Amino acid sequence: MSKPGKNIHADTVCAVDYAFQRIGGKHKGRVIYHLRNGIKRYGELRRLLTGITPKMLTQVLRELEDDDLVTRHVYLEVPPRVEYQLTDTGRELLPFITLLSEWGRKQMGLAPLCEPIEA
């Protein structure tokens, strides 16, 4: 088992609790989903993720980075450019995020997802 991030309780015994502590919350799954096809800049993520403030997006990205699910690369340019991508551990979550997406679409009465997620 990898080292727990700062948001993980050390006394967690249940694997489901552990998993949801790392990817739970309103926005983490959505960020992982939008990073499925590769690198995204911060501004791209802001446009893709509706209903999230810039402060909350920054916090979510930092938590995902702390949990080794996302990497952040800062380019020392003017204006600064920051890019995010999934780590190998983050990519391991993609099949589960896909299943959750399909389940949610079914519950909402929507058509199945057209584009498969490539892991």
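Model, not experiment: these values are computed from the prediction. As a basis for the values below, the full set of heavy atoms in this structure was taken, side chains included, without hydrogen atoms, waters or symmetry mates.
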Side chains of [X] and [Y]: closer than 4.5 Å at any heavy-atom pair?
| X | Y | value |
| --- | --- | --- |
| Gln85 | Lys40 | no |
| Leu45 | His34 | yes |
| Arg72 | Glu83 | no |
| Thr53 | Arg46 | no |

Atom [atom1] in [X], atom [atom2] in [Y]: separation rounded to 0.5 Å?
| X | Y | atom1 | atom2 | value |
| --- | --- | --- | --- | --- |
| Glu65 | Tyr84 | CD | OH | 7.0 Å |
| Ile97 | Ile32 | CD1 | CD1 | 5.0 Å |
| Leu86 | Asn37 | CG | CG | 9.5 Å |
| Leu69 | Leu64 | CG | CG | 5.5 Å |
| Arg30 | Ser101 | CZ | OG | 12.0 Å |
| Arg22 | Glu63 | CZ | CD | 12.0 Å |

With clusters defined by side-chain heavy atoms of hydrophobic residues (ILVMFWY) lying less than 4.5 Å apart, directly or transitively, does [Y] cluster with [X]?
| X | Y | result |
| --- | --- | --- |
| Val74 | Leu35 | yes |
| Val31 | Phe20 | no |
| Val82 | Met56 | yes |

Donor-acceptor pair, side chain of [X] and main chain of [Y], under 3.5 angstrom:
| X | Y | answer |
| --- | --- | --- |
| Arg36 | Tyr33 | yes |
| Tyr42 | Pro54 | yes |
| Glu102 | Leu99 | no |
| Thr87 | Thr71 | no |
| Arg105 | Leu100 | no |

By salt bridge (Lys or Arg N to Asp or Glu O under 4.0 Å), Glu92 pairs with (sequence neighbours left out) none
Pair Asp67-Gln21, side chain to side chain contact (heavy atoms under 4.5 Å, CB included): steps then yes or no = CA-CA 10 Å; Asp67 288 334; Gln21 285 178 28; over 6 Å; no
